Protein chains: 2
Amino acid sequence: MARALHHPEAEQLDLSAILDALSDPVRRGIVLRLAELGEGRCSAFLDMGSKTNLTYHLARLRESGLVHVRIEGTSRILSLRREELEARFPSLLPTILDSARREAAAAG
Amino acid sequence: MARALHHPEAEQLDLSAILDALSDPVRRGIVLRLAELGEGRCSAFLDMGSKTNLTYHLARLRESGLVHVRIEGTSRILSLRREELEARFPSLLPTILDSARREAAAAG
DNA sequence: AGGGTTGTTCAATGGCTATTGAACTCCCGG
DNA sequence: CCGGGAGTTCAATAGCCATTGAACAACCCT
């Protein structure tokens, strides 16, 4: 396992990358759950895809700057980078998550 | 030229499709300009890409439900589907456009 | 009817995306 | 120290993306 994980700086957050990350339903599902749980390890999302597939999506979320990943023993703990996102793109994440919940509620 | 253009129904607006459409800088630029102008024909965006390329991006914007296209003589007039988007996903479009302006202002 | 403007269609391109299974690494608990 | 749980790496796949140039179609004007 890699020792140090790369995370983009707060000032480098890129709107295209963020929207692209959130345009995938699996990734949006992960972010949504993370918003509810506060944080969670990879295995908390196994119902959304295979381990390999999650590794892929989680890397994309991390590289886009949406989530922070901290290593703890053999686990990786994910959390949303809420404040940094809010500082750079106010209301963006909450609004998109609200839309996602709304769509889910509409039995889409 | 095709006679009838397909537009998704308001209730069919899909979040993945919308975010995907807005994740591309060219398309976001078109939507941004459209938000300022109210409406505009295809040729109003020629500084953003070749004619062929614009045809492609405009089709994607239309198919995602973000823009409405009306035929007028040899021109096609585009406009944002603001109310319908707002009804289904409140604040989504304005917030994303705000983020886009913010990013542009930050000399990205 | 002819010519120009407006925008489309087509085929082709290179590159990225999401997904998979098998093999692997790392670390913790016993 | 070794077994198992957590997650990664790799190679492969099929499919979509954005972009291009050349050829075409529709319509308006004179």
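Sequence lines set the chain letters: A, B, ... in the order given, protein chains first and strands last, and positions in each chain run from 1. Every value quoted in this text rests on a predicted model; they were computed, and no experiment measured them.
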Worksheet item: With respect to the side chain of A:R27, which nucleotide from C:dA18, D:dA18, D:dT19 is positioned closest?
Response: C:dA18
Discussion item. Of the options D:dA18, D:dA22, D:dT9, whose atoms approach the side-chain atoms of B:T52 most closely?
Written reply: D:dA22
Fill in: For atom CZ of B:R41 and atom C1' of C:dT5, their distance in whole Å
9 Å
Discussion item. Quick one, A:K51 and A:S43 - any side-chain contact, counting heavy atoms below 4.5 Å?
Written reply: no
Worksheet item: Has B:S50 got a side-chain N or O lying under 4.0 Å from the OP1 or OP2 atom of D:dT20?
Response: yes
Worksheet item: Between D:dT20, C:dG7, C:dA18, which nucleotide has the shortest distance from any of its atoms to the side chain of B:S43?
Response: C:dG7
Worksheet item: Tell me: CE of A:M48 to C1' of C:dT19, nearest whole Å?
Response: 17 Å
Response to the item:
Quick note, A:Y56 side chain, CB onward, closest among D:dT19, C:dG7, C:dA18 is C:dA18
Item to complete: For the residue pair B:R70 and B:R76, establish whether any side-chain heavy-atom pair is separated by less than 4.5 Å.
Response: no
Item to complete: Nearest 0.5 Å please: distance from the CG atom of B:N53 over to the CE atom of B:M48.
Response: 12.0 Å
Response to the item:
Among the nucleotides D:dA18, C:dG7, D:dC27, whichever has the atom closest to the side chain of B:R76 is C:dG7
Fill in: N or O in side chain of A:H57 less than 4.0 angstrom from C:dT17 OP1/OP2
no
Worksheet entry | Distance in angstrom units between A:I77 CD1 and D:dA6 P, rounded | 12 Å
Worksheet item: Between A:L5 (CG) and C:dC26 (P), how many Å, whole number?
Response: 14 Å
Response to the item:
Assert: residue with more 5' nearest nucleotide on DNA chain D, out of B:R60 and A:C42, is A:C42
Worksheet item: Looking at D:dA18, C:dT8, D:dT8, which one has an atom nearest to any side-chain atom of A:K51?
Response: D:dT8
Practice prompt. Could you please name the option among D:dC28, D:dT9, C:dT8 that lies closest to any side-chain atom of A:T55?
Written response: D:dT9
Worksheet item: Between atom CG in B:L54 and atom C1' in C:dT9, what is the gap in whole Å?
Response: 15 Å
Practice prompt. Figure out the CD1/P separation between B:I71 and C:dT8, and round it to whole Å.
Written response: 9 Å
Practice prompt. For the residue pair A:F89 and B:E103, establish whether any side-chain heavy-atom pair is separated by less than 4.5 Å.
Written response: yes
Worksheet item: To the nearest angstrom, how far is A:D20 atom CG from D:dC16 atom P?
Response: 16 Å
Item to complete: Quickly, which of A:L92, A:L19, A:L93 forms a side-chain contact (heavy atoms from CB on, under 4.5 Å) with B:S99? Name it, please.
Response: A:L92
